[in-house]
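One structure below.
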Amino acid sequence: MRVLVIEDEKRLAATLGDLLEMDGYNADLCYDGESGLDNALTGIYDVILLDMMLPKKDGLTVLRELRQAGNATPVLMLTARSELSDRVAGLDSGADYYLTKPFEPRELLACVRALTRRQPELRTPDSLQFGDLKLDKSTFTLVCGSRSVRLSRKEFDMMELLILNCSQVLTKETLLVKIWGYESDAEDNNVEVYISFLRKKLEHLHSTVRIRTIRMVGYCLEQTAS
Ligand code: CA
């Protein structure tokens, strides 16, 4: 799951990013409303943390423009102000939840979890299955029969996306933004490198599942006859 943090207090933004990463999310940080909105509009985020007072474009405007563009990503508004009028304005603009600064890390994580739970299609079970493979979320392992192999974080994210989207072809671009983030320096060949890591692991597991390359398009999982 990928979270966008739009917060101009850089230390707070960094702390939020660390908290989210420790809880297993990927976090991208933006420090003003304009770049925050641009990122949010990519539609790659599962939750957005949005500060109210921001340079270039304030939080309420960002939220309003995001909703006007048809983007329904759950938004958690962060604000130092606790006046009722701000909360009402935020909720009117389409905020899903409010958190008043300062807040407890646990409180924040509980809100993020609640917001991701509200979207059933985003809820990821503890393990995913495809063919003879089981991807275990709690241990970051890929299991096939009696064999298992541990995955790195990026390998895990990639395998998860491949399984969740097993009925379609995933483009390199999709994998790149979903795993490395929108503003990352990662390039297409990062995707190729991790695909090759995963293929080696599938071989090691003696799985009947293969990652098929669709030339000029991307990748998909397929089951081969054993
Ligand atoms: Ca602020």
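Counting convention: from 1, in listed order, for ligands and their atoms alike. Each residue takes its place number in the sequence, starting with 1. Just so you know, these numbers come straight off a predicted model, no measurement behind them. The figures here come from the full heavy-atom set of this structure, side chains too, leaving out hydrogens, waters and symmetry mates.
With respect to the Ca ion (ligand 1), Asp8 has OD1 as its nearest N, O or S atom. Closest approach between the Ca ion (ligand 1) and any N/O/S atom of Asp51 involves OD2.
Residues Asn39 and Thr42 have side chains that never bring a donor and an acceptor to within less than 3.5 angstrom of each other.
For the Ca ion (ligand 1), the N/O/S atoms of Met52 include none lying under 3.0 Å.
A cation-pi arrangement is not found for Lys172 relative to Tyr219, the charged atom failing to lie both closer than 6.0 Å to the ring centre and inside a 45° cone about the ring normal.
Partners of Arg147 by side chain to side chain donor-acceptor pair (under 3.5 Å), not counting sequence neighbours: none found.
For the pair Met77 and Leu99, the minimum side-chain heavy-atom distance is 4.5 Å or more.
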